[in-house]
Amino acid sequence: MADTQTLHAGFAAKIDAVLNALELEGALPKDTSRSGVTVEPPRDPSHGDLATNAAMVLAKQAKTNPRVLAEKIVDHLGREPDIVEASIAGPGFINLRLADDAWLRELRAIAALGADYGRSQLGEGTTVNIEYVSANPTGPMHMGHCRGAVVGDALAGLLEFVGHKVTREYYVNDAGGQVDVLARSAHLRYREALGEEIGAIPEGLYPGDYLKPVGEALAQEYGDAYAAAPEAEWLALFRKRAVAAMMDMIRADLALLGIEHAVFASEAELQAAGKPEDAEAWLRQHDFVYDGVLEAPKGKAPPEDWEPVELPLFRSTRFGDDQDRPIRKSNGGWTYFGADLAYHMQKAEKADALIDIWGADHAGTVKRIKAAVAALSEGQGAAIPFDVKLVQMVNLLRDGEPVKMSKRSGTFVTLAEVVEEVGKDVVRFTMLTRKPEAQMEFDFTKVVEASRDNPVFYLQYAHARICSTMRKAGDVAPAADHLDRLSADELALVREAAQFPRVVEGAAKAREPHRIAFFLGDLAAAFHSFWNAGNDDPAKRIIREDDPELTGARLFVAAQVAQVIRNGLGILGVEAVEEM
RNA sequence: GCGCCCGUAGCUCAGUAGGAUAGAGCAUCGGAUUCCUAAUCCGGGGGCCACAGGUUCGAAUCCUGUCGGGCGCACCA
């Protein structure tokens, strides 16, 4: 296919060409900045198919008033065969009405490109590393992890769709004190498996039953060899085994959501490989790390045991942080930040851009890690694009009442339970119908039973309806032979579907997968509305037994709507069902 | 005290890198089912876009401040 440019991109290019022509004519100064120029459908469809603000944005540079400039632009655009009308409105908007033929070409393009419709080379093949989930390997996934998991995965899918090479990565925090606690908890379950009466799980250990199988497996394999042994003899082994078991569990949980990471980066291995030392050396060399005394915490209650100690500090204040951050503890071990810093340096070696998806409870550490990557950029003399996206908390409700979550008592709501109750598609889609930086509520009751309240069914229903119509049509297949028979109703549907490529592009640039979800809702609504017109007026039904030509053309439109829905849902990782 | 996020219809949320008369679902009221799937559609009512200033041709959107909600503020992870 020679011309894979989508309709919207094509017209944006045409307007750009007009502006070039105006520069040659002298109507515009050379090298005008066109950064603010947009070409998009107007909010009010009665204004036309496309609108551009070019005249308003460029008027100042051209030292003229917007309407005068608009007239010159319109004069050029009027010569384009695909533009049947170009008019000036309001303060200087230029509204364009396109020839039906332009839309029909786009409709054929959807059919020709199929699953690739909406794909672009926006990403230019650059690599993006997305780190998401990265839950501590101390238990199963719970609902708190769910949103970041889905948002990260959908973003990964979106960026792949626009031509990035994406690495889905999970950072396994298997080096901190919490995994020692995990190992001790597993040891207790191991003794239990050997027949010992362990009683209540002591405060400070993980109480969940999910550690029982780990203890049993260890008992099976090692008998009572470590039952009475001192901790030093078994801690490392138990830690390794328990973490491995937890990661298997987490992988299984993620699989329930259709999520699969390509890379699991181990903090312990990172440390064993001496990466933090390398990072520290490099940072000291570039004067980003120095030995200094940490300020006392500024919070309301300074710790009683606070005493000033000299530690290696990273100069995060140079990049906007409130204070410099220690990379090592006074015992010589690495702080979480110290290891994370080295981890990000490692990631930056392998990717052109980095994205982290974090829970809002880590908001306080964003500045320091951004500072770390900024320092790396500065030291290397090349900027590393780095984005930390914070995903806000999800409040779980049932019948409007908050669901109690207590990690300590082990009564948290697991992801597996939720997926089992409401289904993968509902979980994913619900998480994607809110912008991630706003808090959200997730009400089991609403999300399962009141399907009207649940946009995913609405969307899947639209797709299923189209599939059903195809089945019903029997011998009559979608055909592009008589598209000239289509009327304004079908063209309106085509216009809506044709927005897909620019919605995808906008969502990718803004890194906001939820825009896809909302677009699909609009498209489904347009289809349902179209469908129901056939209820009131049989002449408007897709299947017209007396008119196979028209039926074929309408089926063709419907098929492309379904295609776009499939493509959109595919990005979001939600299934497009054929029957409901 | 400080930092980050949020504040849009009764409720849950959109609002397309500043655009034209601020939208959708739920709820509410009124309609459509001898018909390709009514899990749908059509229509009505419902708004000081938290508040106050500012930036400009133009602000829900950007800036400052105030108020309100959430998260965080160890050498933890």
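Chain letters run A, B, ... following the sequence lines, proteins first, then strands; residues in each count from 1.
The side chain to side chain donor-acceptor pair (under 3.5 Å) check on A/R368 picks up nothing, with sequence neighbours excluded. Looking at residues two or more places apart in sequence or on another chain, you find a side chain to side chain donor-acceptor pair (under 3.5 Å) between A/N567 and A/Q563. Considering only residues two or more places apart in sequence or on other chains, A/E490 meets the salt bridge (charged side-chain N to carboxylate O under 4.0 Å, His left out) condition with A/R554. Considering only residues two or more places apart in sequence or on other chains, A/S316 meets the side chain to side chain donor-acceptor pair (under 3.5 Å) condition with A/D321. Taking A/N65 as the reference, nothing meets the side chain to side chain donor-acceptor pair (under 3.5 Å) condition, with sequence neighbours excluded.
Distance A/R67 CZ to B/G58 P: 17 Å, rounded to the nearest Å. Rounding to whole angstrom units, CG of residue A/D44 and C1' of B/U16 are separated by 16 Å. When the P atom of B/A39 is taken as reference, atom CZ of A/F457 falls 13 Å away, rounded to whole Å. The distance between atom CG of A/D536 and atom P of B/G31, rounded to the nearest whole Å, is 16 Å. Computed from coordinates, the A/E505 CD to B/U16 P distance equals 16 Å when rounded to whole Å.
In this pair, A/H514 and A/F518 present their aromatic rings perpendicular. The plane angle is above 60°, beyond the 30 to 60° band.
Heavy-atom nearest nucleotides on RNA chain B were determined for A/Q178 and for A/M440, and the one closer to the 5' end corresponds to A/M440.
Counting atom types as modelled, A/T433 pairs no side-chain N or O with a base atom of B/C13 as donor and acceptor under 3.5 Å.
The pair A/E131-A/K347 meets the salt-bridge criterion, since a charged nitrogen lies less than 4.0 angstrom from a carboxylate oxygen. A salt bridge links A/R284 with A/D291: the distance from a Lys NZ or Arg NE/NH1/NH2 to an Asp or Glu carboxylate oxygen falls below 4.0 Å.
Near RNA chain B, defined here as any heavy-atom distance below 4.0 Å, the residues from residues 511-524 of chain A are A/H514, A/R515, A/F518, listed numerically.
Both tests do not hold together for A/R325 against A/F314: distance to the six-membered ring centre under 6.0 Å, angle to the ring axis within 45°.
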Exercise. Pairs counted as Watson-Crick or G-U wobble with both distances under 3.5 Å: what dot-bracket string results for RNA chain B, using | for bases tied to another strand?
Worked result: (((((((..((((.....[...)))).(((((.......))))).....(((((..]....))))))))))))....
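Here B/C75 is the nucleotide among B/A20, B/C75, B/C36 with the atom lying nearest to any side-chain atom of A/V309. Taking only side-chain atoms of A/W531, from C-beta outward, the nucleotide of B/A20, B/A77, B/U37 with the closest atom is B/U37. Comparing B/A77, B/G19, B/U37 by their nearest atom to the side chain of A/E579 picks out B/U37. Of the candidates B/A17, B/A77, B/U37, the closest approach to any side-chain atom of A/K509 belongs to B/A17. Of all nucleotides listed (B/U40, B/A20, B/U16), B/U40 comes nearest to the side chain of A/N532. Candidate nucleotides B/U12, B/C71, B/C76 were compared by shortest atom distance to the side chain of A/R434, and B/U12 ranks first.
If you check every strand for non-hydrogen atoms under 4.0 Å, A/Q499 touches nothing. Contact annotation for A/R544: no contact, since no heavy-atom pair falls under 4.0 Å across all strands.
For the pair A/H344 (side chain) and A/L341 (backbone), a donor-acceptor distance under 3.5 Å is absent.
For residues 508-520 of chain A, every residue pair satisfying the salt bridge (Lys or Arg N to Asp or Glu O under 4.0 Å) rule, not counting sequence neighbours, is listed here: A/D387-A/R511, A/E505-A/K509, A/E512-A/R515. For residues 468-478 of chain A, there are no side-chain hydrogen bond (donor to acceptor under 3.5 Å, both in side chains) pairs, not counting sequence neighbours.
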For this session: List the protein contact pattern of nucleotides 3-8 of chain B with one symbol per nucleotide (5' to 3'): B for base contact, S for sugar-phosphate-only contact, - for none; contact means a heavy-atom distance under 4.0 Å.
Result: SSSSS-
N/O contacts under 3.5 Å, protein versus nucleotides 59-67 of chain B?
from, atom 1, to, atom 2, distance (Å)
B/A60, N6, A/R43, NH2, 3.4

Could you give the side-chain donor-acceptor pairs of residues 89-96 of chain A under 3.5 Å, partners two or more places apart or in another chain?
none

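Across B/U8 and B/G68, the matching P atoms stand 16 Å from one another, rounded to whole Å.
Here A/R465 reaches the OP1 or OP2 of B/A38: one of its side-chain N or O atoms lies under 4.0 Å away.
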